[in-house]
Structures are given as C-alpha cells and as structure tokens.
Amino acid sequence: AHVNLASVLMALGRFDESAEHCKQALEIEPGSREAVMNLANVLRNLGNRAEAVDVVWRHITAEASEATDVPGGGGAEGGGSAGAVAAAG
C-alpha cells in the first residue's frame, strides 16, 4: 500500500510525502525493488542525485550479498561472487 501511495504522491509532485511512504514500504519489505526505485526517483526529483544513486547501490549490493549466502554459493568451487552477481542480475 505504501508503494502505491508513494507513486501517486510522486505523480502529484508531493515528493517529501512520497519519500516517507517509500521508506515505510522498505521498513516493511526491505527487498522491494519498486520501493527502492520509487525512492531513488523521488530523491532525484528533490535534487539529491547522489543519495538516489546510493539507495540503489545499497540495494544492489545487498541482493548480491544475499545471493552469496546460499549453501554452496561461496568460494571458487561454489561459483564465487561473480556467479552470484550474474544470477542476481
């Protein structure tokens, strides 16, 4: 619900409110790609480009980290991080 409300608020130009709902959505579901992208777009619209990039980068690295935490996912014999990044992409 927060992601949808954030999208509507962003379309209305109510970026500060939209950002808050994106953050609430991420508290409920930290892996929500839609909430991350909405938050990044809102931050960009607010002129916070560096923070927008940081939000997306943290999400990407968290996903890659989770992909390497599976049994047999680490080390050279398990495919290493390169395989995990390719699988997550």
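- Between A25 and A35, the shortest heavy-atom contact is CB-CB, 4.0 Å.
- For the pair E27 and H2, the minimum side-chain heavy-atom distance is 4.5 Å or more.
- Summarising the geometry of A52 relative to A40, their closest heavy-atom pair is CB-O, 3.3 Å, with the distance given to 0.1 Å.
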Please determine whether side chain to side chain donor-acceptor pair (under 3.5 Å) holds for the pair E17 and H21, giving the CA-CA distance in whole Å, both sets of side-chain angles, and the decisive distance to 0.1 Å. CA-CA 7 Å; E17 292 174 83; H21 284 283; 6.0 Å; no

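- The two atoms that bring V56 and V36 nearest to each other are CA-CG1, 4.1 Å, heavy atoms only.
- Taking OG1 of T61 as the start and CD of E66 as the end, the distance is 10.0 Å to the nearest 0.5 Å.
- Minimum interatomic distance between E34 and S7 (heavy atoms only, all atoms of both residues): OE2-OG, 4.5 Å.
- The distance from atom CD of E20 to atom CG of L39, rounded to the nearest 0.5 Å, is 9.5 Å.
- When all heavy atoms of N45 and F15 are compared, the closest pair comes out as ND2-CE2, 3.5 Å.
- Nearest approach of S32 to L26, heavy atoms of both residues: O-CD2, 3.8 Å.
- The cluster map of Ile, Leu, Val, Met, Phe, Trp and Tyr, joined by side-chain heavy atoms under 4.5 Å apart, puts V42 and M37 in different clusters.
- Going from atom CD1 of I60 over to atom OG of S65 covers 13.5 Å, rounded to the nearest 0.5 Å.
- Under the 3.5 Å distance criterion, the side-chain polar atoms of D54 are left unmatched by any main-chain donor or acceptor of A50.
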